[in-house]
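For reference, the structure is listed below as structure tokens.
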Amino acid sequence: MEDYSSKQSVENLDNPPNSRLFLVTSRSVSDDVIREKFSVFGEVQGVWVVKDKQTKESKGISYVKFAKSSEACTAMEDMHGKCLLDGTKPIKVFIAQSRSSGRHRDVEDEELTRIFIKIPKTFTEEDLKDTFKEYGDIEYCVIIKNKTTGESKGLGYVRYHKPSQAAIAIENCDRAYRAVLAEPRSKNSSADNDYHSSGRAEHMSSDLGMNPYSFGVSDPGSYAVTDYRSSDLITRCLMVSSRASVTQEQIYGLFDLIPGMDYCEMQRDHCGLNKGHAVIRYNNLGSALYAKEKLNGFEYPPGNRLIVAHIEDGEDRTSPVGKMAMQLVAAQMMSMVWNGPTTSQQLMKMSTGYRTASPMPRVQTDVSLPSLKNLAPPDSRVKERLFVVFSPAPLPMDVLEDVFWTTTKCTQLRSGFRTSLNVLEWPSQSTELNANEHLWRDLKIA
DNA sequence: CGACGGGACGC
DNA sequence: CGACGGGACGC
């Protein structure tokens, strides 16, 4: 039957902003199916499947208009990668470009997760967090301050992990905050879009949290803990979702930085196409939990936020006892995770691999380094771990050795060259490193 | 009649 | 790879 509500008047297409979805589906998927699957997320005001003018056949492109941006975002986050019909390829879901914008580039999470707000001048960043955490997991809060006096300008940014959270904040927070989506930072920063420029580097830092201990049940300052939709499922298996296309090698390289991975596979459809989803399994709960806390929301490649969530691994963890065990695992993580059986083998694999890898120009630093220290025994229990993100390319391993191995009692160097990410491990807290701000900035240590 | 909107980040 | 239809109010 002709469905009146399939119509979308042009003036409503982008009202409110970001309330319309762009879908890529199998050509066999009808608007009825789309409506059925998407109306659970909110008020669907229109569904339109783009068809060939002559053949009337679907082109595999559809639009779904919701009443609210939060509904559209939630649907996008939930439905991206799902199959609408048995045997059809997984769909892709994006926020549609506004019809006037003329661009056909995907709208990235980067543009949908940060809000810009007006706040009382007396607000601290803690006040900001406390006020806005009710709408979702906050990744990052800043108050814009006068650089010389340090006084607040009464404006701030809040970065959430998910577009739906930012949308919910904008829709529901007090009007006095004037919450809107923040313009991406790069847009304002001159015409310098060089990959090597500092404008790009914003994406690299702070995604993993500066404090290696800032995760888990005992830390009230951590916002990376479970949210309302991923519930409290904790398993050894993770699902990684990426909007940008990533290779299995990249995902492997990234998640293998955390010891204990015993399985990593990209989900592919029958055509062998990359779905942007991967399943990772670790041999212990702690590694999986840690990997999720550290890598959920991590931008890889820069600008592309990975979503990492636990998925069923077939074991029952729903009982109260199971939950308590889970918390115990989280609390004891730092002392247990790092002694996985794979660590030494991988170190060997790495250290034989890098020297034959591409010869790079020598890197130099004028940072003054602390005095030489002894290496900790290789079998030391690891207490602290550092993620180092490089842009645009990773440093050779021997340079890292010079910088880190000699300045602290570092025990291990693990490297994900394909991911431009390295991990270093310490048997104790490396306070010297904290003090070395130049080093932190230069290397984008997360 | 009757109270809104602009503002923008850092190496 | 994957980006924009069809139809035409009612004073």
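Remember, it's a predicted structure, so these values are computed and weren't measured experimentally. Below, chains carry the letters A, B, ... as their sequence lines are ordered, and counting in each starts from 1. These values consider heavy atoms only, across backbone and side chains, with no hydrogens, waters or symmetry-generated copies.
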Hey, which of these two, A/Ile117 or A/Val142, hits DNA chain B nearer its 5' end, going by closest nucleotide? A/Ile117

Are the charged groups of A/Lys133 and A/Asp137 less than 4.0 angstrom apart, N to O? no

Using a cut-off of 4.0 Å on non-hydrogen atoms, how would the nucleic acid contact of [X] be classed: base, sugar-phosphate, or nothing?
X: A/Leu155; value: base
X: A/Arg175; value: nothing
X: A/Arg103; value: nothing
X: A/Lys51; value: nothing

What about [X]: does its side chain form a donor-acceptor pair under 3.5 Å with the base of [N]?
X: A/Arg159; N: B/dC9; value: no
X: A/Arg178; N: B/dG5; value: yes
X: A/Arg20; N: C/dC4; value: yes

Quickly work out the [X] [atom1] to [N] [atom2] distance and round it to whole Å.
X: A/Tyr140; N: B/dA8; atom1: OH; atom2: C1'; answer: 13 Å
X: A/Gln54; N: C/dG6; atom1: CD; atom2: P; answer: 10 Å
X: A/Gln97; N: C/dC4; atom1: CD; atom2: C1'; answer: 12 Å
X: A/Ile119; N: B/dA8; atom1: CD1; atom2: P; answer: 14 Å
X: A/Asp52; N: C/dA3; atom1: CG; atom2: P; answer: 12 Å
X: A/Lys118; N: B/dC9; atom1: NZ; atom2: P; answer: 16 Å
X: A/Lys65; N: C/dA3; atom1: NZ; atom2: C1'; answer: 17 Å
X: A/Lys147; N: B/dA8; atom1: NZ; atom2: P; answer: 10 Å

Report the nucleotide, chosen from [options], that has the shortest atom-to-atom distance to any side-chain atom of [X].
X: A/Val50; options: B/dA8, C/dA3, C/dC4; value: C/dC4
X: A/Glu183; options: B/dC9, C/dC4, B/dG7; value: B/dC9
X: A/Ala182; options: B/dA8, C/dG2, C/dC4; value: B/dA8
X: A/Ala96; options: C/dA3, B/dA8, C/dG5; value: C/dA3
X: A/Ile144; options: C/dA3, B/dC9, C/dG2; value: B/dC9
X: A/Tyr63; options: C/dG6, B/dG6, C/dA3; value: C/dA3
X: A/Lys53; options: B/dG7, C/dG2, C/dG5; value: C/dG5
X: A/His104; options: C/dG2, B/dC9, C/dA3; value: C/dA3

Mind checking salt bridge (charged side-chain N to carboxylate O under 4.0 Å, His left out) for A/Lys153 and listing every partner two or more places apart, or none if nothing turns up? none

Does C/dG2 have A/Phe22 stacked on its base, where the ring centres are within less than 5.5 Å and the planes differ by under 30°? no

Between A/Tyr157 and B/dA8, do the rings stack, that is, sit under 5.5 Å apart with planes less than 30° off each other? no

Side chains of A/Thr148 and A/Asn146: any donor to acceptor distance under 3.5 Å? yes

So, A/Lys162 and A/Thr113: side-chain donor and acceptor under 3.5 Å apart, yes or no? no

Short side-chain N/O contact to C/dG5 OP1/OP2 from A/Arg99, under 4.0 Å: yes

Do the side-chain N or O atoms of A/Arg105 get closer than 4.0 angstrom to the phosphate oxygens (OP1, OP2) of C/dG2? no

Distance under 6.0 Å and angle within 45° of ring axis: A/Arg236 vs A/Tyr282: no

Taking the ring of A/Tyr63 and the ring of A/Phe22, is the distance between their centroids below 6.0 Å? yes

Do the two ring centres, one from A/Tyr177 and one from A/Phe132, sit under 6.0 Å apart? yes

By nearest nucleotide on DNA chain C, pick out whichever of A/Val49 and A/Ile61 is the more 5' one. A/Ile61

Anti or syn, where syn is a glycosidic angle within 90° of 0; which label fits C/dC9? syn

